[in-house]
Amino acid sequence: MRHLGALALRTGGHGTGVIEDLKLVGAAINALAETGDTASLEALWRLQSRIRHRALRKQLDTALVTAAGKQGITAEQLIERSVPDHGLAPDGSLEREVGGHRVRVAIDGAGTVRLTFARPDGTTSRTAPAAVKDGFPDELRDLKSLAKEIRGTLSGERARVEALMSAGREWPYEEWCRYYRDHPVTGTLVRGLIREFQDEGGEWHAVAPAAEPAGRPERVRLWHPIRASAEDIGEWRERIVAERLRQPFKQAFREIYLLTPAEEETGVYSNRFAAHIVHYKQLYALFKERGWQADFLGRYDGGYDGQARAEFGDGEWRACFHHEPAADDDGGYAPEYAATDQVRFERRDGRRLRAVPLAEVPPLVFSEAMRDVDLFVGVTSIAADPEWADRGEDGYGGYWRRASFGALTASAEVRREVLERILPRLKIAARCTLEGRFLVVRGDLRTYRIHLGSANILMEPDDSYLCIVPSRGKGDGKVFLPFEDERLSLILSKAFLLAADTDITDETILRQIKRGA
């Protein structure tokens, strides 16, 4: 069964370097579904979390329904019961003796799997000692391969569990404990989340990460801020920051997107994220990363009408994000820039999907879909390109100026709230204030206004633009953040740099600062 799964992944997975053979992949998927043993189910789970081809995903969905039917459960239950545990202990670790050294493979946090080597004298290292590397190369290779497999499972589970935020699914308490809380891989993720437990009276009570509910609850669900009061949301956010709890994905600080009056008026579509100019190849890559299906735009018949699609609410709903090549893009075969357009929704009706008014979309589904679209635009917009101002006037200059320093989206508003909570704890707190859309940083040479959406900078008193191109490496991680946010990390790194502007040695930055000082 393992070989069948590997064959399907190699011939149907993205970027494997092997010629695609859909018939061969389909035959392997059908064989795995018919067998239905534990190894087959784990293989189907791996394929479901990694294959992106639209037709193959449909076949996988059918295969999962078939395999689940044989066991009298739903496809969703089958998926969560088929997550491999890789032989790990409940705490997500495994130890083996290799050449007198104790080697530990362990999940460290929500996205890291580490190998640690303990020598006979008790000292530890993250690099393999020479005695292990030279004397036991096969065992070392197997351990590294195991760590890689665990990373893949952890990544897939993180995406799957986060997708449950749009489903509103509930679990019987015993089922939750067995397949979520106590699973050596999935458990490392869900134990870092806020959960709600239903008591015998039907009341739901939220419980902090890693904590257990009082008594014997009936059911469990993931906490989502859209169901909570503003007061409760604020309390949870303060607790997450105060206790320095790093969640596996953004939950306490998750953005909420509610239907606006403009969307109620348009009825069947949203223009909230329309008319943005984005880097197209970056947008397409982000579609794939977030599990959205989209045809590649290009200068061929039918290549001018883009529609990215993704399922929400356990597959009962689909969001469609329209986009097209930018009007005056003069790139080659593929456009360099795209223009964003409407977001629409469809509901599953048997085997078909039918378009529905926005008012019929469940708030959880609407919010989670719009959150993804906000991410697509926020990350790939040319407004986030700090070097764009140096290109002179062009067809997109007006858009760049408007979007670079315009009104904040929901994700930027959350960024502002995080800064309100962590700024007082920073050594540069006395030099920083939040004013509307900006983090204002007082240096010794000038005062700087960092936009909380684009991270672009204006300098007082004349609002001249300061271009600082971020380094490609990750930040130093010295400032605690309750979730991963590259834009927030960038804003903070710029704030630390500019608060000590007399220590800046980069001449390209200094020339800009001193030009109008």
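Any value given below was found using the heavy atoms of this structure, including those in side chains, with hydrogens, waters and symmetry copies removed.
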**Q** Quick check, are the ring centers of Phe376 and Trp292 under 6.0 angstrom apart?
**A**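 Yes - the distance between ring centres of Phe376 and Trp292 falls below the 6.0 Å cut-off.
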**Q** Can you pull the side-chain hydrogen bond (donor to acceptor under 3.5 Å, both in side chains) pairs that have at least one residue in residues 233-242, sequence neighbours excluded?
**A** Arg237-Glu417, Glu238-Arg421, Arg239-Glu243
**Q** Just so I know, are the side chains of Leu434 and Leu452 near enough to count as touching, which here means a heavy-atom distance under 4.5 Å?
**A**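 A side-chain contact exists here, since the closest heavy-atom pair is under 4.5 Å.
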**Q** Shortest non-hydrogen contact from Trp223 to Ala252?
**A** CZ3-CA, 3.7 Å
**Q** Answer yes or no: is there a side-chain heavy-atom contact under 4.5 Å between Gln307 and Asp295?
**A** no
**Q** So, taking the atom named CD1 in Ile150 and the one named OG1 in Thr112, what distance separates them when rounded to the nearest 0.5 Å?
**A** 12.5 Å
**Q** Taking side chain as C-beta onward, heavy atoms only, is Pro84 less than 4.5 Å from Val185?
**A**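 Counting from C-beta outward, Pro84 and Val185 never come under 4.5 Å.
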**Q** Against Glu80, only a single residue in Trp176, Tyr179, Trp171 fulfils side-chain hydrogen bond (donor to acceptor under 3.5 Å, both in side chains); can you say which?
**A** Trp171
**Q** Please determine whether side-chain contact (heavy atoms from CB on, under 4.5 Å) holds for the pair Arg272 and Val373, giving the CA-CA distance in whole Å, both sets of side-chain angles, and the decisive distance to 0.1 Å.
**A** CA-CA 10 Å; Arg272 190 184 306 200; Val373 178; over 6 Å; no
**Q** So does His276 get a backbone contact from the side chain of Thr340, meaning a donor-acceptor N/O pair under 3.5 Å?
**A** yes
**Q** Between OG1 of Thr447 and CG of Leu498, what distance do you get to the nearest 0.5 Å?
**A** 10.5 Å
**Q** So that I know where these two stand, are Tyr465 and Trp400 an aromatic pair - ring centroids less than 6.0 Å apart?
**A**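 Under 6.0 Å, so yes.
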**Q** Just wondering, do Val441 and Leu497 contact through their side chains at under 4.5 Å, heavy atoms?
**A** no
**Q** Check the pair Arg169, Glu175 against salt bridge (Lys or Arg N to Asp or Glu O under 4.0 Å), reporting the backbone distance first and the verdict last.
**A** CA-CA 13 Å; Arg169 196 190 304 174; Glu175 189 175 310; over 6 Å; no
**Q** Can you confirm whether more than 12 heavy atoms, excluding those of Arg191, are under 6.0 Å from its CZ atom?
**A**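 Correct, the count exceeds 12.
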**Q** What distance do Arg401 atom CZ and Asn456 atom CG have between them, rounded to the nearest 0.5 Å?
**A**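 So the CZ of Arg401 and the CG of Asn456 are separated by 13.0 Å.
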**Q** Do Thr380 side-chain atoms and Leu283 backbone N/O form a donor-acceptor pair below 3.5 Å?
**A**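 No, the answer is negative, given that no donor and acceptor are paired below the 3.5 Å cut-off.
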**Q** Closest heavy-atom contact between Gly313 and Ser166?
**A**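 Looking at all heavy atoms of both residues, the shortest contact is N-OG, 3.0 Å.
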**Q** Could you grab the distance from atom CD of Glu264 to atom OG of Ser270, nearest 0.5 Å is fine?
**A**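 Interatomic distance, Glu264 CD to Ser270 OG, rounded to 0.5 Å: 11.5 Å.
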**Q** Indicate, with yes or no, if the rings of Tyr257 and Phe366 have centres closer together than 6.0 Å.
**A** no
**Q** Can you find a pair of side-chain heavy atoms, one from Pro209 and one from Ile194, that are under 4.5 Å apart?
**A**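 Yes - at least one pair of side-chain heavy atoms lies under 4.5 Å apart.
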**Q** Scan Glu255, Glu484, Glu368 and name whichever one has a salt bridge (Lys or Arg N to Asp or Glu O under 4.0 Å) with Lys250.
**A** Glu255
**Q** Is a side-chain N or O of Lys494 found less than 3.5 angstrom from the main chain of Ala455, in a donor-acceptor match?
**A** yes
**Q** Examine distances only and state if a side-chain atom of Asp341 and a backbone atom of Glu324 form a donor-acceptor pair shorter than 3.5 Å.
**A** no
**Q** Let me confirm one number: the CD1-CZ distance from Ile491 to Arg416, rounded to the nearest 0.5 Å.
**A** 11.5 Å
**Q** Side chains of Thr186 and Glu157: do they bring a donor and an acceptor to under 3.5 Å?
**A**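 Short answer, yes.
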**Q** Tell me the closest heavy-atom pair linking Tyr399 and Ala383, and the distance in Å.
**A**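 Heavy atoms of Tyr399 and Ala383 come nearest at CE2-N, 4.4 Å.
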**Q** If you round to the nearest 0.5 Å, how far is CG of Leu375 from CE of Met370?
**A**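 That separation rounds to 13.0 Å.
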**Q** What closest approach, in Å, do Leu297 and Ala338 show between heavy atoms, and which atom pair accounts for it?
**A** CD1-CB, 4.3 Å
**Q** Carefully, step by step, assess Cys320 and Glu346 under the rule side-chain contact (heavy atoms from CB on, under 4.5 Å).
**A** CA-CA 8 Å; Cys320 304; Glu346 299 170 335; 3.9 Å; yes
**Q** Please check this pair: side chain of Arg344 against backbone of Gln342, looking for a donor-acceptor N/O pair closer than 3.5 Å.
**A**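 It does not hold such a pair.
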**Q** Take Leu258 and Ile226 through the test side-chain contact (heavy atoms from CB on, under 4.5 Å) and record every step on the way to the result.
**A** CA-CA 9 Å; Leu258 302 175; Ile226 205 167; 4.0 Å; yes
**Q** Short question: side chain of Ser489, backbone of Asp485 - any donor-acceptor pair under 3.5 Å?
**A**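 Yes; judged by distance alone, with no hydrogens or angles, the pair exists.
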**Q** Between Asp374 and Ala410, what is the shortest heavy-atom contact and its length?
**A**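 So the two residues come closest at OD2-N, 3.8 Å.
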**Q** Keeping the roles fixed (side chain from Arg195, backbone from Ala208), state whether a donor-acceptor pair exists under 3.5 Å.
**A**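 Judged by distance alone, yes, a pair lies under 3.5 Å.
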**Q** Can any side-chain N or O of Ser155 pair as donor or acceptor with the backbone N or O of Gly152 at less than 3.5 Å?
**A**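 Not at all, since once roles are kept as given, no pair shorter than 3.5 Å links the two residues.
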**Q** Return the minimal non-hydrogen interatomic distance between Arg415 and Leu488, and the atom names on each side.
**A**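 Shortest heavy-atom contact: CG-CD1, 3.6 Å.
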**Q** Distance-only, no hydrogens or angles: does the Arg219 side chain make a donor-acceptor pair with backbone N or O of Gln198 under 3.5 Å?
**A** no
**Q** Under 4.0 Å between a Lys/Arg side-chain N and an Asp/Glu carboxylate O for Arg227 and Glu196?
**A**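 Yes, this pair counts.
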**Q** Start with the C-alpha gap between Gln247 and Leu193, add the side-chain angles, then the distance that decides, and say whether side-chain contact (heavy atoms from CB on, under 4.5 Å) holds.
**A** CA-CA 6 Å; Gln247 296 198 281; Leu193 297 173; 4.2 Å; yes
**Q** Hey, are the side chains of Arg352 and Arg354 touching, using non-hydrogen atoms and a 4.5 Å cut-off?
**A** no
**Q** Do Leu419 and Leu492 touch side chain to side chain, with heavy atoms closer than 4.5 Å?
**A**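 SC-SC contact between Leu419 and Leu492 confirmed.
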**Q** Answer yes or no: does atom CD of Glu360 have more than 12 heavy-atom neighbours from other residues, nucleotides or ligands under 6.0 Å?
**A**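 Enclosed.
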**Q** Is the backbone N or O of Leu490 less than 3.5 Å from a side-chain atom of Ser493, with the two atoms forming a donor-acceptor pair by type?
**A** yes
**Q** Taking the side chain as every heavy atom from C-beta outward, state whether Ile240 and Phe483 have any pair of such atoms under 4.5 Å apart.
**A** no
**Q** What do you reckon, are the aromatic ring centroids of Phe287 and Tyr280 less than 6.0 Å apart?
**A** no
